[in-house]
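Reviewing the structure listed below.
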Amino acid sequence: MVATEKIVRMNLRIDKVVRSTGFGFRKVYSLVLDDAGLYLIHTGSTGALKRFRFDRDLDRAVADANPDRSVAELQANEARIGPARLGDLLSERDNYFVRLEAIEDVVVWPGPPPRMQIKVSGSDHRLAFPLTPLEQVEGLQRALNKWNLKR
C-alpha cells in the first residue's frame, strides 16, 4: 500500500500583516486561508515594513531600492511559505493555526490602515494591513464569514 500525502491548496494569502500580540508588541505575519483553516505565519519585524510601499500598478507591496537586513529576512520567510510546507511551519515559534470552526466573528475597520479582529474561542487576533488594499481585507472577511454561515 502506498501512502499519499495530502497537498493543501491555498485559497487566499495576504503578506505583511501586523499582529498585535499584547502589551504593545507587534509582529509581521503572512495569513494563509485554505480549506483546513487560517494559518498565521510569523515572517519578521514591523521595522521591515518601513521599507515597503504599495505599488498600485503591480497591485502588491514592493521593497525600496535600498533594502536592509530586516527586509531580506522578511522576504526569505515569505518565500518559505507554500502549500506543502504549512504544516511544517506550524512547529516553529510564533506560528499559529486557527480552525475555521473556532472562529466566532470577524470585524473589519476600514482604517487607514484597514484593521481586522478575528474572534476565536478563547482568544482574539488583532490584525492591521498597512500594505493591503481594503478590498482584499474585506475579501478575507467574506471568506471567513462564508465559513461561519456553513455551520
Side-chain angles (χ1 to χ4, degrees), residues 2-55 58-64 66-109 111 113-133 136-148:
V2 177
T4 59
E5 183 176 323
K6 178 184 172 193
I7 301 297
V8 178
R9 189 180 88 245
M10 287 193 282
N11 295 331
L12 180 68
R13 175 175 168 176
I14 300 177
D15 294 318
K16 297 166 191 63
V17 178
V18 176
R19 179 174 178 262
S20 297
T21 58
F23 302 111
F25 293 107
R26 300 178 312 156
K27 296 180 180 181
V28 178
Y29 286 79
S30 287
L31 305 181
V32 179
L33 176 65
D34 67 16
D35 296 334
L38 180 65
Y39 297 82
L40 291 88
I41 308 297
H42 178 241
T43 53
S45 67
T46 57
L49 296 183
K50 295 175 187 172
R51 302 282 190 171
F52 285 90
R53 63 180 173 73
F54 186 80
D55 186 313
L58 298 174
D59 196 33
R60 65 181 176 92
V62 294
D64 289 343
N66 299 320
D68 62 10
R69 186 179 61 159
S70 65
V71 170
E73 176 187 348
L74 187 138
Q75 290 173 324
N77 286 334
E78 287 178 350
R80 295 177 345 136
I81 301 171
R85 297 253 356 212
L86 287 173
D88 296 338
L89 293 173
L90 286 178
S91 64
E92 297 177 9
R93 185 173 183 234
D94 293 329
N95 294 342
Y96 301 92
F97 175 75
V98 177
R99 292 178 305 106
L100 295 174
E101 305 87 40
I103 297 173
E104 297 171 351
D105 194 21
V106 182
V107 180
V108 170
W109 295 273
R115 295 185 180 279
M116 175 182 284
Q117 181 175 9
I118 302 173
K119 295 182 181 186
V120 180
S121 305
S123 67
D124 292 344
H125 296 280
R126 292 174 180 83
L127 309 168
F129 299 82
L131 296 165
T132 306
Q136 288 181 15
V137 176
E138 291 173 336
L140 174 61
Q141 179 189 28
R142 281 191 302 276
L144 293 172
N145 282 337
K146 183 176 180 181
W147 170 262
N148 285 333

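We use all heavy atoms of the structure for the numbers below, so side chains are in, but hydrogens, waters and symmetry mates are not.
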Give me the atom names and distance for the closest heavy-atom approach of [X] to [Y].
| X | Y | result |
| --- | --- | --- |
| T132 | P114 | O-CG, 3.8 Å |
| S70 | G47 | OG-C, 4.4 Å |
| R19 | Y96 | NH1-CE1, 3.5 Å |
| A48 | V71 | O-CG2, 3.8 Å |
| A143 | L33 | CB-CD2, 3.5 Å |

Reported [atom1]-to-[atom2] distance for the pair [X] and [Y], which is rounded to 0.5 angstrom:
| X | Y | atom1 | atom2 | value |
| --- | --- | --- | --- | --- |
| L74 | H42 | CG | NE2 | 8.5 Å |
| D124 | I118 | CG | CD1 | 9.5 Å |
| K50 | S45 | NZ | OG | 9.0 Å |
| L40 | L89 | CG | CG | 12.5 Å |
| D15 | I81 | CG | CD1 | 6.0 Å |
| I14 | L31 | CD1 | CG | 6.0 Å |

Next on the checklist: For Y39, does the six-membered ring have the charged nitrogen or CZ of R13 within the cation-pi criterion, i.e. under 6.0 angstrom from the centroid and within 45° of the normal?
Outcome noted: no
Checklist entry - Within 45 degrees of the axis of the six-membered ring of F129 and under 6.0 Å from its centre: does K16 put its NZ or CZ there? => result no
Next on the checklist: Please determine whether side chain to side chain contact (heavy atoms under 4.5 Å, CB included) holds for the pair I41 and Y29, giving the CA-CA distance in whole Å, both sets of side-chain angles, and the decisive distance to 0.1 Å.
Outcome noted: CA-CA 5 Å; I41 308 297; Y29 286 79; 5.5 Å; no
Checklist entry - Does the pair L140 and M116 meet the rule for a side chain to side chain contact (heavy atoms under 4.5 Å, CB included), with working shown? => result CA-CA 10 Å; L140 174 61; M116 175 182 284; 3.9 Å; yes
Item to check | Partner of K27 under side-chain hydrogen bond (donor to acceptor under 3.5 Å, both in side chains), chosen from D94, T43, T46 | outcome: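 So the option named by the test is D94.
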Checklist entry - Run the side chain to side chain contact (heavy atoms under 4.5 Å, CB included) check on L86 and D34 step by step: do they pass? => result CA-CA 10 Å; L86 287 173; D34 67 16; 3.9 Å; yes
Item to check | K119 side chain near I103 side chain, heavy-atom distance below 4.5 Å | outcome: no
Checklist entry - Is V17 close to S30 at the side-chain level, that is, under 4.5 Å between some pair of heavy atoms? => result no
Item to check | Q136 and Q141: CA distance, side-chain angles, deciding distance, side chain to side chain contact (heavy atoms under 4.5 Å, CB included) verdict | outcome: CA-CA 9 Å; Q136 288 181 15; Q141 179 189 28; over 6 Å; no
Checklist entry - Where the side chain of S91 meets the backbone of D88, is there a donor-acceptor pair that is under 3.5 Å apart? => result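 The answer is yes, because a donor-acceptor pair under 3.5 Å joins these two groups.
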